[in-house]
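This report refers to the structure that appears directly beneath it.
Labels below follow one simple rule: chain letters A, B, ... track the order of the sequence lines, proteins then strands, and each chain is numbered from 1.
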Amino acid sequence: AQTVTQSQPEMSVQEAETVTLSCTYDTSENNYYLFWYKQPPSRQMILVIRQEAYKQQNATENRFSVNFQKAAKSFSLKISDSQLGDTAMYFCAFMKHGSQAGTALIFGKGTTLSVSS
Amino acid sequence: GAVVSQHPSWVICKSGTSVKIECRSLDFQATTMFWYRQFPKQSLMLMATSNEGSKATYEQGVEKDKFLINHASLTLSTLTVTSAHPEDSSFYICSARRRDSGFFGPGTRLTVL
């Protein structure tokens, strides 16, 4: 079974600064996907970034980037130039690769990020 | 991305009644949808996998007779909470997979009095 661990329950950062959220996972699979989702106070789950395990290059989406270390099973999220709108709960998630439409996302416990001015 | 809708967004019901929550994929077909439950400030816990045209698969510890799932078409899955009790009060979220990413409905807040 797969597990996802987020060891930082809460983080805080000042506007315009950079913050890194940690995530580790455990799996025996070789091909899989990793995700970071954002859940603001509205509670709508928003996909922030996706990484395919077979790609060595780290994914980036504007101010969001990841540091994917496959051997260490580590997948951290870096948010640059933090904005007040980044305040949310962030979830790291794992999903098996392939055409298995029946494969669900497995989530970590989440990190609550607060951005202050 | 992909759009997933959920209805209703908020429901209050009396103990012992049943409540139906709908989840629709608006711009794609989803042979499989997922139902999650989330308590305040906690993570999403997978309840069941909804398969179009066949029986749902429930996670360990989830009562299939209490949480009835029907996936009648490629764009609609429903979750019915039967004989609801206050301990069933929670936030329920559906999800569908498209192009190897998961997309979520906005969630349904259920309060059972």
Side-chain angles (χ1 to χ4, degrees), chain A residues 1-11 21 23 25 29 31-55 59 61 87-114, chain B residues 1-6 9-10 23 25 28-60 62 69 71 74-75 77 90-110:
Chain A
Q2 285 71 228
T3 59
V4 178
T5 302
Q6 292 179 251
S7 59
Q8 305 155 314
E10 296 181 352
M11 296 278 286
L21 307 184
C23 173
Y25 59 96
E29 302 283 332
N31 290 325
Y32 47 88
Y33 300 99
L34 295 165
F35 304 84
W36 280 97
Y37 282 88
K38 168 184 177 181
Q39 188 179 42
S42 68
R43 303 189 80 171
Q44 170 73 60
M45 293 288 285
I46 300 166
L47 176 61
V48 175
I49 199 163
R50 184 184 86 154
Q51 175 78 43
E52 297 169 55
Y54 60 88
K55 289 187 176 179
E61 286 288 341
T87 293
M89 197 158 185
Y90 286 81
F91 292 100
C92 179
F94 171 99
M95 185 171 72
K96 290 181 182 178
H97 186 274
S99 60
Q100 301 173 53
T103 304
L105 285 157
I106 305 301
F107 289 92
K109 289 190 174 181
T111 297
T112 299
L113 176 66
S114 299
Chain B
V3 181
V4 178
S5 71
Q6 225 175 301
S9 57
W10 186 38
C23 176
S25 55
F28 67 103
Q29 293 182 333
T31 55
T32 304
M33 292 184 178
F34 306 95
W35 288 95
Y36 293 85
R37 182 173 182 176
Q38 185 183 33
F39 292 105
K41 301 192 185 233
Q42 294 189 23
S43 187
L44 282 72
M45 298 301 298
L46 179 65
M47 298 175 64
T49 300
S50 170
N51 303 298
E52 189 267 335
S54 64
K55 290 183 179 180
T57 305
Y58 291 83
E59 296 300 301
Q60 191 173 8
V62 177
I69 291 172
H71 197 143
L74 289 173
T75 59
S77 175
S90 190
F91 191 66
Y92 294 88
I93 310 175
C94 71
S95 170
R97 180 171 169 172
R98 185 187 190 198
R99 294 177 185 168
D100 296 324
S101 291
F103 295 93
F104 290 82
T108 297
R109 184 186 304 277
L110 170 63

> Is there side-chain contact between B:L46 and A:F107, with heavy atoms separated by less than 4.5 Å?
Replying inline: no

> Taking all non-hydrogen atoms of both residues, which atom of A:G108 and which atom of B:S43 are closest, and how far apart?
Replying inline: O-OG, 2.6 Å

> Taking all non-hydrogen atoms of both residues, which atom of A:A104 and which atom of B:Y36 are closest, and how far apart?
Replying inline: CB-OH, 3.7 Å

To the nearest 0.5 Å, how far apart are [atom1] in [X] and [atom2] in [Y]?
X: B:F91; Y: A:R43; atom1: CZ; atom2: CZ; result: 5.0 Å
X: B:K41; Y: A:K109; atom1: NZ; atom2: NZ; result: 16.0 Å
X: B:D100; Y: A:K96; atom1: CG; atom2: NZ; result: 14.0 Å

> Where does A:F35 contact chain B at under 4.5 Å (heavy atoms): side chain, backbone, both or neither?
Replying inline: side chain

> Heavy-atom distance under 4.5 Å to chain B: side chain of A:Q39, backbone, both or neither?
Replying inline: side chain

> Taking everything shown except A:M11 itself, do over 12 heavy atoms lie less than 6.0 Å from its CE?
Replying inline: yes

> Which residues from residues 45-53 of chain A are near chain B, with near meaning under 4.5 Å between non-hydrogen atoms?
Replying inline: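 Those residues of residues 45-53 of chain A which have a heavy atom under 4.5 Å from chain B are A:M45, A:L47, A:R50.
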
> Quick check: does any side chain N or O of B:Q42 sit under 3.5 Å from a backbone N or O of A:G110, one acting as donor and the other as acceptor?
Replying inline: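 A pair under 3.5 Å: no.
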
> Can you say whether B:L44 sits under 4.5 Å from chain A via the side chain, the backbone, both, or neither, judging by heavy atoms?
Replying inline: both

> At a heavy-atom separation under 4.5 Å, does B:Q38 approach chain A through its side chain, its backbone, both, or neither?
Replying inline: both

>> I'd like to verify something: which residue of B:G102, B:S95, B:G107 has the highest number of heavy-atom pairs under 4.5 Å with chain A?
In response: B:G102

